[in-house]
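This report refers to the structure that appears directly beneath it.
Residue indices begin at 1 and follow the sequence shown.
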Amino acid sequence: MVAGKENLWILQLIDNPSIAADLNYSTDYLLAKASGVAWGRGLCVVCKGSKALCGKTRCPLMVRLNLYFRMMPIIEGTDVDGASPPSVFVGRIGYPYVYAGPLVPPVHEDTSLFDLPELWFGKSIDEIVGFRSMLIRGKHRVHVSNFEEAGKIIDKTRELALSIGPVDVELALKNRPRRYLILDDEVQPFGPSASIQDIRVGTARWDHQIEKCYSDTDLKAAEAVTTLYERGILVTRIQRAFSVGAFGLKQNRRMVPTRWSITAVDSILSKNLIEQIKMYPEINEYRVYESIYLDNRFEVMVMPGPWSYEAMEAWYPGTVWNPSGTSIVMFSDWEGYEGRNTDADIGGCYYAARLAVCELLQKERRQATVVVLREAHPGYIMPVGVWQVRENVRNAMRQAPLKYNTLEEALARVASQFQIPIQQWINKSQLIQNALYQKKITEYFKHV
């Protein structure tokens, strides 16, 4: 049984294939069913975007609808003409045969902000998703190892990836782009996509430092990444060039899916910093750093001890990755002094936060045991990319730390800022338990 006539507005949207397909909402999800069907499905018609029945503070469907109707008059036909930020995207589906190509908004203005997450901190989800949704993705299928022989489209895509500023691009697409918004926890959102028939790119001014690493075919990819970072090149620009196979020994170069390139660069950079950090003296106090953004609260505990690191996340019901749950879901990953030899289960967020804390320790020339704790609340209604974690933790590390003499005092501060009882964090944390309950051998010397 469906809801009454007053709810037909949303069913009419679903009946319109040009909208329904793009929003990724099915009729089954939106219908208000008879009793006996579990709550968590079929709430949308009853709610109409105003009652927050799903637990989110704002309706993701309404946000998508607003963006959809904003995009409709802009995207017409199969020709796209605009200034790329610059931005490119390399997919992962079908690897090693993937779709790669530029992201181009149908506007001619300074679009550089559209692909510089380092400058996004403080902006609302609406702002971020608003300008990202205008980026139309041109696609061309290519084998990741044979991209050098893939032809003009991939050559021009690489030119864009190495550019230092917006570049005029004209795309002739094989079909009209579907109006939808791609959302992924690892990568920044972007809008519609279609296969490329032809491409024209204006004069691209390459980043001089990146161009040098691109031209050096005897320089390993990891060395290129760390060299550029040490010379002040933004992480986003390094990741972009990394994804189009711009670095590495000539015979080893290959395109890397965008989401993998983001994590790879964060991992390479933080791992390099860790090797330096291990040579520094340990801090002698307990510190707490804090940041709140997009309804994500971060508490970073920095404790005396040799280098070790842990990232913990708690997702409330109604959040992106716990949409219909009835209880908080917690995850954690950690590494000791020797590092880890498996990928972190919580994905790119682990490495993004690790880079941010390593940057501070390297700046201070100190080593420490670090635990990053994150509470994601229902106001985080849709994923905007792993950059959010990196920049949130960077913001925390820029603030003056709260300093304490004991771990118990530091934990009391964290407890006062979080809604989840501190004992639940302790029970889930390997490093906090070690600090609380594991005696150090030096303590025995005090009694000798």
Side-chain angles (χ1 to χ4, degrees), residues 18 22 67-91 97-116 128-144 146-182 187-208 210-211 214 236-237 239-246 255 257-258 261:
S18 68
D22 295 344
L67 292 169
Y68 176 84
F69 288 116
R70 283 178 55 189
M71 291 164 59
M72 279 186 67
I74 298 177
I75 304 171
E76 297 293 343
T78 58
D79 294 328
V80 179
D81 183 4
S84 181
S87 188
V88 301
F89 188 84
V90 180
Y97 289 94
V98 300
Y99 283 105
L103 298 175
V104 184
V107 295
H108 284 280
E109 57 188 56
D110 183 2
T111 59
S112 54
L113 184 63
F114 287 22
D115 200 29
L116 276 181
I128 295 164
V129 176
F131 55 68
R132 291 294 301 184
S133 65
M134 295 178 64
L135 293 174
I136 300 170
R137 177 191 174 197
K139 301 188 299 184
H140 186 70
R141 197 160 180 80
V142 61
H143 190 288
V144 295
N146 299 330
F147 66 95
E148 295 281 9
E149 293 80 39
K152 172 184 174 182
I153 293 174
I154 297 302
D155 288 344
K156 294 300 181 182
T157 297
R158 183 172 59 244
E159 283 184 27
L160 279 173
L162 305 188
S163 176
I164 199 169
V167 181
D168 289 334
V169 178
E170 296 178 22
L171 293 180
L173 303 173
K174 294 181 179 179
N175 50 277
R176 185 179 178 181
R178 285 183 54 195
R179 297 179 177 89
Y180 58 84
L181 178 67
I182 300 298
V187 302
Q188 298 89 279
F190 58 85
S193 66
S195 295
I196 301 173
Q197 182 170 313
D198 194 16
I199 182 173
R200 294 180 62 185
V201 175
T203 302
R205 186 167 63 91
W206 284 11
D207 183 293
H208 177 62
I210 293 179
E211 183 180 4
Y214 168 68
T236 296
R237 289 182 172 145
Q239 292 168 340
R240 188 188 305 144
F242 189 94
S243 72
V244 295
M255 301 192 90
T258 296
S261 72

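- His143 places none of its side-chain heavy atoms less than 4.5 Å from the side chain of Glu149.
- Here the OG1-CG distance, from Thr258 to Leu103, works out to 8.0 Å after rounding to the nearest 0.5 Å.
- Using a 4.5 Å cut-off on side-chain heavy atoms (C-beta onward), Gln188 and Ser87 make no contact.
- The shortest heavy-atom contact between Thr157 and Gly101 is OG1-CA, 3.6 Å.
- Atom CZ of Arg200 sits about 8.5 Å away from atom CG of Asp198, to the nearest 0.5 Å.
- Lys152 has no carboxylate O lying under 4.0 Å from a charged side-chain N of Asp155, or vice versa, which leaves the two without a salt bridge.
- Of all heavy-atom pairs spanning Val142 and Ala150, the tightest one is CG2-CB, 3.6 Å.
- Remark: Phe131 CZ to Leu113 CG distance equals 4.5 Å, nearest 0.5 Å.
- Here the CD1-CG distance, from Ile164 to Asp207, works out to 4.5 Å after rounding to the nearest 0.5 Å.
- With sequence neighbours excluded, the residues forming a side-chain contact (heavy atoms from CB on, under 4.5 Å) with Tyr99 are Arg137, Lys139, Arg141, listed by chain and number.
- Nearest approach of Pro192 to Pro177, heavy atoms of both residues: CB-CB, 3.5 Å.
- Looking at heavy atoms from C-beta onward, Phe89 lies out of side-chain contact with Leu135 at the 4.5 angstrom threshold.
- Minimum interatomic distance between Phe114 and Pro85 (heavy atoms only, all atoms of both residues): CB-CG, 3.6 Å.
- Taking CD1 from Ile154 and CZ from Arg158, the interatomic distance works out to 9.0 Å, rounded to the nearest 0.5 Å.
- Every residue two or more places apart in sequence or in another chain that forms a side-chain contact (heavy atoms from CB on, under 4.5 Å) with Ala204 is listed here: Ser163, Val167, Trp206.
- Taking each heavy atom of Pro86 and Gly165 in turn, the nearest pair found is CD-O, 3.4 Å.
- Applying the side-chain hydrogen bond (donor to acceptor under 3.5 Å, both in side chains) test to every pair with at least one member in residues 104-114, sequence neighbours left out, gives these pairs: Asp81-His108, His108-Asp168, Asp110-Ser112.
- Side chain of Arg132 to backbone of Pro189: a donor-acceptor contact under 3.5 angstrom is found.
- Put simply, the side chain of Arg237 never gets that close to the backbone of Ile210: no donor and acceptor are under 3.5 Å apart.
- Rounding to the nearest 0.5 angstrom, the gap separating the CD atom in Gln197 from the CG atom in Asp79 is 9.0 Å.
- A 4.5 Å side-chain heavy-atom check between Leu171 and Pro102 finds at least one atom pair inside the cut-off.
- Here the options are Val169, Val88, Ile199, the test is side-chain contact (heavy atoms from CB on, under 4.5 Å), and the partner is Val104; only Val169 passes.
- Counting only heavy atoms from C-beta outward, the side chains of Leu173 and Ile196 approach each other to under 4.5 Å.
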